[in-house]
Amino acid sequence: MFGAKLRNLWRNKFFAPFFLLFWGHYITHFELLSLVTNYIDNMKRGIILCSILLTACVAQQSRKVPDTSTIQLQNLVESPFGIDENINSYISYLPKSTRAVKMVQRNMEYSKPIDTLINLKFKQSSVLFHKSNFNREILLGGSISNKEIVLANGIGVGSTRNKVKSSIIGFEDNLGDTIVIGYSNRKIKFIFNKRGILTKYTFHGSVE
């Protein structure tokens with residue numbers, strides 16, 4: 001009778017085993033062993049459940065990528081990532097571990113540096129800006145080989161050839177591994193492997 005009440009207390013109290021220190025003399029050794037075993041089993045189940053939930057959350061975050069959408073070819077070529085063409089905008093858009101490497105160009109006729117190149121590097125990818133001595137920033141181009149960096153329509157390294165084609169309005173496919181789309185003096189080059197998977201893309205900005 002009393003053992004049944006104590007078992008009910010165990011079902012409702014997380015720290016039930018501590019009560020056994022005070023009430024243990026009312027129950028048999030068999031009942032004590034049974035309750036402690038149940039407590040340990042429930043603790044194991046709780047730890048396993050927490051591990052599964054944590055793993056599921058991490059996996060869901062790692063699979064989180066922008067949805068693909070359609071975009072006009074002209075709009076994509078003019079603004080590959082759909083952001084302002086300045087260094088700060090690109091630093092904000094690119095992954096947090098992106099590094100800005102500064103390179104100075106000198107004119108042979110002057111001793112002072114007049115031009116600066118800013119190379120935004122992330123793993124095997126890079127975006128190059130030209131910054132004049134008047135602080136004017138011009139996007140020269142970039143080479144992207146990492147799936148963390150996606151275009152304005154959600155296309156990126158790892159996308160299939162069909163998905164790239166269907167997401168760009170005006171896209172003309174060919175049988176080659178390299179496809180170039182352009183508008184005005186800008187262009188984007190897509191490079192696919194033999195399985196039709198995008199492995200790299202490059203883009204060129206305006207050069208005045």
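In this structure, E137 contributes its side chain and I87 its backbone to a donor-acceptor pair below 3.5 Å. Judged purely by atom type and a 3.5 angstrom limit, S132 uses its side chain to pair as donor or acceptor with the backbone of R136.
A ring-ring contact (aromatic ring centres under 6.0 Å, His included) check over residues 73-95, counting only residues at least two apart or in different chains, returns the pairs F81-Y90, F81-Y93, F81-F203, Y90-F129. Screening residues 156-193 for ring-ring contact (aromatic ring centres under 6.0 Å, His included), with sequence neighbours left out, gives no hits.
The salt bridge (charged side-chain N to carboxylate O under 4.0 Å, His left out) search around E78 returns none, not counting sequence neighbours. For D84, the side chain to side chain contact (heavy atoms under 4.5 Å, CB included) partners at least two apart in sequence or on another chain are N86, S89. Under the side-chain hydrogen bond (donor to acceptor under 3.5 Å, both in side chains) criterion, S125 pairs with N146, not counting sequence neighbours. Applying the side-chain hydrogen bond (donor to acceptor under 3.5 Å, both in side chains) test to K165 and every residue at least two apart in sequence or in another chain returns nothing. Not counting sequence neighbours, S92 has no partner by the side chain to side chain contact (heavy atoms under 4.5 Å, CB included) test. Take T98 and apply the side chain to side chain contact (heavy atoms under 4.5 Å, CB included) test, not counting sequence neighbours, and it matches L94, P95, L120, F122. For N193, the side-chain hydrogen bond (donor to acceptor under 3.5 Å, both in side chains) test picks out no residue, with sequence neighbours left out. Taking the side-chain hydrogen bond (donor to acceptor under 3.5 Å, both in side chains) definition, one finds that S166 meets it with nothing, sequence neighbours left out. Under the rule for a salt bridge (charged side-chain N to carboxylate O under 4.0 Å, His left out), K187 has no partner lying at least two apart in sequence or in another chain.
Note that the CD1 atom of I155 and the CD1 atom of I71 stand 10.5 Å from one another [nearest 0.5 Å].
Annotation for I179 and E172: closest pair CG2-O, 4.0 Å, computed over non-hydrogen atoms. Contact between S79 and A152 at its shortest, heavy atoms only, is O-CB, 4.2 Å. Taking all atoms of both residues into account, the shortest heavy-atom contact from N174 to R161 is O-NH2, 2.6 Å. The shortest non-hydrogen separation linking T202 to S143 is CG2-OG, 3.8 Å.
The closest side-chain donor-acceptor pair between S167 and N153 falls under 3.5 angstrom.
A continuous path of ILVMFWY side-chain contacts below 4.5 Å connects I144 to L73, so both sit in one hydrophobic cluster.
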